[in-house]
Protein chains: 2
Amino acid sequence: MTLRDVAEAAGVSEMTVSRVLRSRGDVSAQTRERVFAAARKLGYVPNKIAGALASNRVNLVGVVIPSLSNMVFPDVLAGIGEVLDETPLQPVIGTSKYDDDLEEKVIYEMLSWRPSGLIVAGLEHSDAARAMMANAGIPVVEVMDVDGDPVAACVGISHLEAGRQMAREIAARGYRKIGYCGSSSIKDHRAQKRRQGFEQGLAEAGLSLTDACLYAGTSGFGTGRGMTAEILGRTPDLDFLYYNSDINAAGGLLYCLEKGMDIPGRIGLAGFNSFEVLDGLPMRIATMDSQRHDIGRRAAELIAANALTNEVVTLAPVFLPGDTVR
Amino acid sequence: MTLRDVAEAAGVSEMTVSRVLRSRGDVSAQTRERVFAAARKLGYVPNKIAGALASNRVNLVGVVIPSLSNMVFPDVLAGIGEVLDETPLQPVIGTSKYDDDLEEKVIYEMLSWRPSGLIVAGLEHSDAARAMMANAGIPVVEVMDVDGDPVAACVGISHLEAGRQMAREIAARGYRKIGYCGSSSIKDHRAQKRRQGFEQGLAEAGLSLTDACLYAGTSGFGTGRGMTAEILGRTPDLDFLYYNSDINAAGGLLYCLEKGMDIPGRIGLAGFNSFEVLDGLPMRIATMDSQRHDIGRRAAELIAANALTNEVVTLAPVFLPGDTVR
DNA sequence: GTGAAAGCGCTAACAA
DNA sequence: TTGTTAGCGCTTTCAC
């Protein structure tokens, strides 16, 4: 089923069919109707492969993220989608599973489709991936994080600063024996930066981390619960726990409540990300809104504007005290 | 940057370059090296658009799901990804936002790229969408649900039967005043089928639904909490609550525990889906594993095998009693 | 083992 | 307003 078939059925040239189906140029209402009728009758679906090759235009935007299971990324995608819905552009998602080599392959695959733009999560990539992004000749935006050396445009928050700010909030509230619960994966660059900023912030307040508990695997209530049990078992006099994610913090919260601990008096808790699903826990967890929806929007806006810039857009995360800090 | 550039740099024909880069046919080791070197030096990225047009092969599999925010679908995608990772095929995701017209457009867009297969969630589609799927000429698989009239191959569970089975389990455990909490959206076909099956199952046990509470919007702890407060406020003597989703059930669980209710004695709770993140709640919620990971795998296997069949694969959901039923 | 010619289905550019 | 021509970058096919 090709344009030619439709053209024959409608008794016009292929070019006229092409014009009608793309609403380009002037075509008489009568011809247009005949073409539409023929296309509909034949169930014609245009071949974008051929169209893209001929026009040298591909209305796709590659989006490379580590994972879809981490609730952070669907929110970024939602922001991207909102903006691209107003344009002819369509996002195409690829996942890197937190693996730089796989990310490189995914980026390569995407670029081989000659998309109109590329959005990649994070600033840490293989040299080859960085080279591809730099030479892609299309708008490329690195998202989520601004602490590093972007190859291209960049939209995100400073996770270092987010950690530092959290430390300041905690210190100002008089917590002194502070523990950290997070991922042991060095691949989780942003969580590592938050922890680093957090420790810096504590140092600036004359404090330091008393204990830390790390896990391998996925975040979850069970994970948060387990880490909390472990760290409090080891260091019972901690008066604050900072978690890499709200999900883990929620597990910790449930654990502490079950143990009858006074929150936020005896112990305070804070997480990161601000997930809407969690509204409805016994207490609202102190957290920081990571602005991921806006990050998606801003990145998509740069792509939609065909901006070949290297500008860095730094958004400010917002501290939400909730109920788990004094 | 085209094949021609690489060919010139390597001093061979375009055809030889093409063969080397696709590892097709016999090329001398020496020539192959020269070509690789040239390609690497130039940073050549093949143009899949042109390749696809010439070879009439597109190694993409379209996957159309309602939403990425609903944790159900990332699990299905993970199953699909696992299988396709063993093949040259790549999934491309599109979302319909629970809108039949949008779904139709997304399917149309996908088919216009001439993918090697198509996976679509659900059995309810516009007539045009059904026609496209029937005439796509590629393997098409409808997933999640088997209660209905598939156009193509189909892999899923019976949500009617899942609801019925849950009703049997509840009735067998002696619960008698039963409430349902779920979505008011008629677009959530599978939840509607579970409810319908649930009511049938209750009827078979000589019972009926005492009350129901519906919400518009997204599921979440807050939503579950709110529905639970409302339905128990209205009908305080309910002894069981069946939720459309574990997420809402979790909110209900937290609410009931706060009110000091005896679970599962005074009241029992059950949800649907079995989400791993929720392991770690104060009690394990009674639920049903929806087999979504396997559904993804089986669907992808049909695509990978290039199966142009209309077979229906019915998987069996598994009842998990947890701690919230007697 | 390598190359030349033709053409995939469409659109840009120009002609009528 | 409509049609004609050329060609996008690759792969298929066939020749050497």
Side-chain angles (χ1 to χ4, degrees), chain A residues 1-36 38-39 42-60 88 108-116 136-138, chain B residues 1-36 38-39 42-60 88 108-116 136-138:
Chain A
M1 178 62 47
T2 70
L3 263 192
R4 166 173 232 106
D5 300 311
V6 180
E8 273 170 16
V12 294
S13 73
E14 291 183 43
M15 206 45 233
T16 299
V17 176
S18 173
R19 279 195 270 253
V20 170
L21 296 181
R22 289 177 302 141
S23 351
R24 284 283 161 73
D26 295 320
V27 180
S28 74
Q30 186 190 352
T31 311
R32 200 166 47 230
E33 265 325 304
R34 279 220 315 278
V35 170
F36 274 134
L42 296 174
Y44 172 71
V45 177
N47 185 329
K48 289 221 179 192
I49 303 270
L53 184 62
S55 66
N56 198 27
R57 254 192 296 277
V58 179
N59 288 330
L60 299 175
Y108 183 84
E109 287 289 311
M110 291 210 152
L111 290 179
S112 71
W113 288 102
R114 303 288 188 270
S116 294
I138 54 173
Chain B
M1 177 62 47
T2 70
L3 264 193
R4 166 173 232 105
D5 300 310
V6 181
E8 276 171 14
V12 293
S13 73
E14 289 184 43
M15 210 37 240
T16 300
V17 176
S18 174
R19 279 195 270 255
V20 170
L21 297 180
R22 288 176 303 139
S23 352
R24 285 282 160 73
D26 294 321
V27 182
S28 74
Q30 185 189 354
T31 311
R32 199 166 48 227
E33 265 324 304
R34 280 222 312 279
V35 169
F36 275 133
L42 295 174
Y44 172 71
V45 177
N47 186 329
K48 290 220 178 192
I49 303 273
L53 184 62
S55 67
N56 197 29
R57 253 191 295 277
V58 179
N59 289 330
L60 299 175
Y108 184 84
E109 288 287 314
M110 292 211 151
L111 290 180
S112 72
W113 288 101
R114 303 288 189 267
S116 295
I138 54 173

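Labels below follow one simple rule: chain letters A, B, ... track the order of the sequence lines, proteins then strands, and each chain is numbered from 1.
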(request) Starting at atom CG of B:D26, determine the distance to atom C1' of C:dG3, rounded to an integer number of angstrom. (result) 15 Å

(message) I need the minimum non-hydrogen distance between B:P115 and B:M110, along with the two atoms involved.
(response) CD-O, 3.2 Å

(request) Tell me, please, the opening and closing nucleotides of DNA chain D, 5' to 3', among those with an atom under 4.0 angstrom from a non-hydrogen atom of chain A. (result) D:dT1 to D:dG9

(message) Near DNA chain D, counting only heavy atoms under 4.0 Å, which residues of residues 45-60 of chain A show up?
(response) A:L53, A:A54

(message) Taking 4.0 Å as the cut-off, does a side-chain nitrogen or oxygen of A:Y44 come that near to OP1 or OP2 on C:dC10?
(response) yes

(request) Please figure out whether B:T16 or A:R24 has its closest DNA chain C nucleotide nearer the 5' end. (result) B:T16

(request) Establish whether the base of C:dG1 is bridged to the side chain of B:R32 by a donor-acceptor pair shorter than 3.5 Å. (result) no

(message) Under the salt bridge (charged side-chain N to carboxylate O under 4.0 Å, His left out) definition, can you give me all pairs with a residue in residues 10-31 of chain A, not counting sequence neighbours?
(response) A:R4-A:E14

(message) Can you tell me if B:S28 touches the phosphate of C:dG1, counting only side-chain N or O atoms and a distance under 4.0 Å to OP1 or OP2?
(response) no

(message) So B:V35 and B:V27, do their side chains get closer than 4.5 Å, heavy atoms only?
(response) no

(message) Is the phosphate of C:dC8 approached by A:R4 (side-chain N or O, under 4.0 Å from OP1 or OP2)?
(response) no

(request) Heavy atoms only: give me the nearest A:A38-A:A9 pair and the separation to one decimal. (result) CB-CB, 3.9 Å

(request) Give the angle between the helix axes at the two ends of the helix from C:dG1-D:dC16 to C:dA16-D:dT1, taking five base pairs at each end and rounding to 10°. (result) 30°

(request) Could you check how far CD of B:E14 sits from P of C:dG7, rounded to whole Å? (result) 17 Å

(request) For A:S116, check side-chain hydrogen bond (donor to acceptor under 3.5 Å, both in side chains) against everything at least two apart and list the hits. (result) none

(message) I want to check something: taking the side chain as every heavy atom from C-beta on, are B:V45 and A:R114 in contact at a cut-off of under 4.5 Å?
(response) yes

(message) Under the salt bridge (charged side-chain N to carboxylate O under 4.0 Å, His left out) definition, can you give me all pairs with a residue in residues 49-59 of chain B, not counting sequence neighbours?
(response) none

(request) Check whether any side-chain heavy atom of A:V12 sits under 4.5 Å from a side-chain heavy atom of A:V17, and report yes or no. (result) yes

(message) Can you confirm whether B:N47 sits close enough to A:W113 that some side-chain heavy atom of one is under 4.5 Å from a side-chain heavy atom of the other?
(response) no

(message) Output the rounded distance in Å from CZ (B:R114) to P (C:dG9).
(response) 9 Å

(message) If we ignore hydrogens and angles and just use 3.5 Å, is the side chain of B:R32 paired with the main-chain N or O of B:V20 as donor and acceptor?
(response) no

(message) Just the rounded figure in Å: distance from C1' of C:dG9 to CZ of A:R22.
(response) 12 Å

(request) In whole angstrom, give the distance that lies between atom CH2 of B:W113 and atom P of C:dC10. (result) 13 Å

